[in-house]
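Values in this document were obtained by computation on a predicted structure and should not be read as measured data. The chains referred to below are lettered A, B, ... by the order of the sequence lines, with proteins before strands, and numbering in each begins at 1.
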Amino acid sequence: MSQHASPTHGNDADHPHGKPHQEMQEVGGISMAYFVVFALLLILLFATVDIAFRTLGPFGPVIAMAIATTKAVLVVLFFMHVKHASKLTWIFAGAGLLWLAILFGLTFGDYMTRSWNDAVPATTHEAQTSPFTGLPNQ
Amino acid sequence: MTTLDLQLPHPRRDYLAAGNTIKSWLLTVDHKRIAILYLISVTIFFFIGGAAAGVLRWELLTPAGDFTTSETYNRTFTIHGVVMVFFFLIPAIPGILGNFLIPIMIGAKDMAFPKINLASWYIYMVGGILSLASMLIGGVDTGWTFYTPYSTSYSSSAVVLMGTGILITGFSSIFTGLNFIVTIHTMRCPGMTWFRLPLFIWSHYATALIMILGTPVLAITIAMVAVDRVFGIGFFDPDKGGDPLLFQHLFWFYSHPAVYIMILPAMGVISELVACFSRKPVFGYAAVAVSSLAIAVLGFLVWGHHMFVSGQSPYAGLVFSILSFLVAVPSAIKVFNWTFTLYKGRISYATPMLYVFGFLGLFTIGGLTGLFLAALAVDIHVTDTYFIVAHFHYIMVGGSVMAYMGGLHFWWPKITGRMYNERWAMLSAILMFIGFNLTFFPQFVVGYLGMPRRYHEYAQEFQVLNVLSTAGATVLGAAYIFPLTYLLYSLFKGPRAGNNPWRATGLEWQTTSPPPTFNFDKTPVVTEPPYAYDVEDDEEFDVIHPQGGQTV
Amino acid sequence: MSSSSLSSTSAPKVPGDPGSADPGQAVHAHANPALAHHFDDLQQQHEAHTLGMWAFLATEIMFFGGLLVAFVVSTTMYPVAFDIAARQLDWQVGTMNTTVLLCSSLSMALAVHFARVANRKMTMLMLLLTVFLGTAFLGVKAYEYSTKWNHHLVPGASYNFEPWQHHPDEAETRLMTRAGVLTANGELNASALPAFQTRTQLFYGYYFTLTGLHAVHMIIGAGVILWLVFRVSKGQCLGDGSNFVEMTGLYWHFVDIVWIYLFPLLYLMDRSS
């Protein structure tokens with residue numbers, strides 16, 4: 001087993017991983033980062049609501065998801081301490097997202113290419129404007 | 001070579017002797033006892049699934065549907081598939097051999113999460129009992145694949161109950177996978193670097209990756225089917241705006257990688273056995289190790305090959321076809337490397353090695369036929385015929401089950417401290433090989449000729465081949481019952497095994513048979529690569545006449 | 001020739017004393033009570049717990065993810081019907097609820113901090129605050145569900161989507177005309193109605209399944225946090241033993257992240273006029 005100087009192996013209250021890092025300012029012993037991130041999350045929430053009411057065309061959902069992802073990344077890095085965690089933790093955190101991307105990607109690959117070979121072009125308005133065609137009940 | 005003598009003159013303190021109350025077994029957190037719990041329940045499920053297979057094969061003796069009604073036949077093949085896939089193949093090697101061996105092989109005292117390990121067995125049992133309960137109230141007639149909208153909107157069978165059972169068992173799989181991954185990452189003993197790990201560990205690590213990333217998608221899919229059925233929403237029903245292919249995408253996203261859950265642990269077993277019984281290190285260790293990971297990753301990219309004729313986009317079919325060819329490459333690498341391990345090895349024909357030979361031939365056939373199926377044009381011709389049935393049984397039964405039997409026999413002395421009767425064991429292995437081929441080879445032929453699967457009756461011209469297949473199934477059934485009897489017998493009357501009857505390498509053989517509760521008296525330190533066999537060394541195994549052995 | 005040597009390392013945690021009646025006991029004099037017997041040291045234990053929880057969260061990503069993929073596929077199939085259906089959700093209530101949940105994330109993060117520095121009172125306070133906020137979230141959701149029930153928007157036998165009964169605004173009217181439910185004159189097109197009911201019901205099927213699944217996760221999380229409060233009140237799970245609090249925090253933050261995605265996907269779909 002590994003030889004360690006002490007049973008807690010350099011663990012202390014805020015550094016259970018034993019990795020020293022430049023800590024943000026503290027307020028009464030609590031890292032300021034928590035409050036800054038919280039404020040950012042609220043700001044981004046209001047941004048999300050705001051852009052929902054603007055006409056942004058096809059970019060609307062993209063921007064909404066980008067904002068949501070920014071919020072998620074803030075929570076993951078700071079509230080969930082991944083910023084100071086081991087590289088392995090980063091890999092574990094990222095693996096789920098990568099696999100979800102596989103599920104999304106190949107499934108959408110099917111739906112979006114179904115109409116490529118269509119002999120008869122789509123007739124209804126919804127079928128013509130939809131990214132997917134060739135589906136039941138369109 | 002002399003085995004390290006850890007026989008200390010004191011009362012038995014192996015894990016089997018550490019408490020003999022029911023409570024000490026049902027509330028154990030010892031990974032070895034949990035493995036035994038799995039062994040008992042997995043075996044029971046195996047014979048239930050096998051009985052269902054017996055009913056199917058009996059019906060198929062004659063072209064007419066005279067033994068069962070079509071309804072009963074549908075429910076029977078469903079229970080056969082559900083039990084064999086979810087309650088036997090997926091948990092067997094990981095739950096029994098994986099749970100028992102992984103901590104020992106890496107030099108640890110237990111898994112990272114012993115209580116979660118026990119929980120995973122209980123969850124498996126709850127799920128299994130629910131699924132069997134659904135059988136008692138009439139069963140399910142959708143096939144283990146639960147295709148929609150039949151399963152959601154039209155079938156009047158116990159879909160929700162059986163689905164719930166499978167969903168719950170999925171969490172057993174997830175917990176097992178979690179435990180394996182964290183244990184292998186964090187609890188290796190000093191000196192046990194990644195490339196000194198036995199290939200059994202690499203395979204189980206890859207298996208655990210699939211368990212964690214794939215099983216949740218099955219869980220949510222079954223939950224959606226249940227919601228669909230109960231609330232009539234129509235996620236997957238075209239009449240209600242849904243798409244049946246959405247179900248198939250979600251279902252096969254898990255169920256294809258699931259087949260790699262079923263085969264990767266078997267491959268890990270084969271690596272261990274082939275090295276020991278050729279007295280050579282596995283050829284191309286790094287390639288075999290990395291190919292396990294490659295199979296796990298690539299296995300997630302090919303699910304659409306189950307949907308070539310479903311109406312999915314032909315372009316998607318194209319992509320899935322190419323990727324399906326690609327996923328065969330790492331498996332082929334393994335087969336080549338095992339074969340090169342045999343080359344110029346000092347080969348012995350003990351029972352575990354007989355199972356290795358069976359595996360190598362049958363898995364190769366199964367795998368090659370998989371390549372045929374990856375080709376779109378061929379697949380369209382043989383889809384939903386017995387060709388497919390034969391293909392996956394060659395891999396699942398000819399591959400996985402053979403490897404499971406080989407592993408069970410190889411590690412039996414370690415797990416139980418007893419040796420089985422070698423003659424009965426060899427006879428069973430040979431009988432199993434004969435029975436298997438007699439059962440399933442005719443199915444390739446009859447499938448290619450057009451006999452559809454999941455039908456209780458068939459055209460007259462297929463009868464001869466079906467009779468052969470049923471005859472084979474009878475032989476195979478007997479071949480499975482023999483090990484049940486002689487292995488059970490060995491528990492009471494078998495000769496006591498030494499610590500290392502096979503003179504194998506690996507940390508599990510450096511501790512007592514059976515091991516003590518915390519696996520090692522002193523934490524091992526590893527300094528050498530794995531499989532340090534010497535092909536020149538011609539000393540016999542001390543199996544039939546074990547030296548030493550524990551005092552009672 | 002052996003493949004591995006069994007040389008003993010210094011300070012083994014499990015003594016190999018053959019005469020010991022119970023060789024499993026860790027009798028090492030200064031073994032930390034927070035350290036489980038099968039781990040070598042606290043760092044290994046912490047790493048194992050963290051990796052285990054993140055692996056579990058990866059399974060949760062795939063669990064919710066499967067449902068989300070299905071939802072996104074269906075949304076893309078029926079963008080207009082889903083849009084109209086989504087507009088019946090109260091975005092203001094949703095925004096307030098999201099704020100409540102973000103606050104609970106902050107209180108949970110603080111609870112983890114206080115647990116690490118072994119401040120028993122503040123840990124309990126923050127944990128209780130988290131449960132309180134989480135319960136408030138669930139209460140609001142229950143209120144939303146009940147309004148949906150009253151408006152016949154719960155899938156099943158009683159489902160009946162009739163937004164035109166409740167004075168739709170200009171944007172909704174335009175959308176319904178596009179969907180063919182309203183004619184150019186603003187009259188109801190009975191023949192288009194069944195498909196429209198089906199598709200909007202599908203949206204609500206997803207709404208209830210997604211938010212219901214999320215709510216179940218929150219209920220479980222709240223239960224675990226209450227159990228934590230009980231243990232912390234007895235002085236456990238603090239300092240070196242605070243892993244449990246930290247892992248619960250990871251779970252709670254994850255459930256929060258799921259809502260961060262659900263909220264815009266369900267409530268804020270194209271609200272532009």
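- Between B:Asp237 atom CG and C:Thr198 atom OG1 the span is 9.5 Å, to the nearest 0.5 Å.
- Under the salt bridge (Lys or Arg N to Asp or Glu O under 4.0 Å) criterion, B:Asp30 pairs with B:Lys32, not counting sequence neighbours.
- Only the backbone of B:Met111 comes within contact range of chain C, judged by heavy atoms closer than 4.5 Å.
- Ranked by heavy-atom pairs under 4.5 Å with chain C, the list B:Val217, B:Leu246, B:Thr517, B:Asp110 is led by B:Leu246.
- For B:Ile212, the parts sitting under 4.5 Å from any heavy atom of chain C are the backbone and the side chain alike.
- Between C:Phe63 and B:Phe171, the ring planes lie perpendicular to each other; the angle is over 60°, past the 30° to 60° tilted range.
- Within the 4.5 angstrom heavy-atom criterion, atoms from both the backbone and the side chain of C:Thr59 approach chain B.
- At a heavy-atom cut-off of under 4.5 Å, chain B is reached by C:Leu213 from residues 212-222 of chain C, listed in order of number.
- Heavy atoms of B:Phe253 lying under 4.5 Å from chain C belong exclusively to its side chain.
- C:His49 and B:Phe113 make their closest contact through CD2-CE2, 3.6 Å (heavy atoms, listed as atom of the first residue, atom of the second, distance).
- Between C:Leu202 and B:Lys240 the shortest side-chain heavy-atom distance does not fall below 4.5 Å.
- Using a 4.5 Å cut-off on side-chain heavy atoms (C-beta onward), C:His38 and B:Met187 make contact.
- Comparing B:Gly232, B:Pro114, B:Ala108 by how many heavy-atom pairs each has under 4.5 Å with chain C, the most go to B:Pro114.
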Check: What do the steps show when you test B:Leu178 against C:Phe56 for side-chain contact (heavy atoms from CB on, under 4.5 Å), and what is the final call?
Finding: CA-CA 7 Å; B:Leu178 278 177; C:Phe56 177 67; 4.1 Å; yes
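- Aromatic pair C:His37/B:Phe518: ring centres closer than 6.0 Å.
- Atom CG of C:Asp40 sits about 6.5 Å away from atom OG1 of B:Thr523, to the nearest 0.5 Å.
- Put simply, the side chain of C:Gln44 gets close to the backbone of B:Thr186: a donor and an acceptor are under 3.5 Å apart.
- Residue pairs satisfying the side-chain hydrogen bond (donor to acceptor under 3.5 Å, both in side chains) criterion with at least one member in residues 173-184 of chain B, sequence neighbours excluded, are listed as follows: B:Ser120-B:Thr176.
- Pairs engaging residues 62-83 of chain C under the salt bridge (Lys or Arg N to Asp or Glu O under 4.0 Å) rule: C:Asp83-C:Arg87 [sequence neighbours left out].
- Proximity of a side-chain donor or acceptor of C:Tyr78 to a complementary backbone N or O of B:Gly241 within less than 3.5 Å is detected.
- Using bins of under 30°, 30° to 60° and over 60° for the plane-to-plane angle, the ring pair C:Tyr206/B:Phe235 lands in the tilted bin.
- By the 6.0 Å contact criterion, CZ on B:Phe231 is open, its count of non-hydrogen atoms from other residues, nucleotides or ligands being 12 or less.
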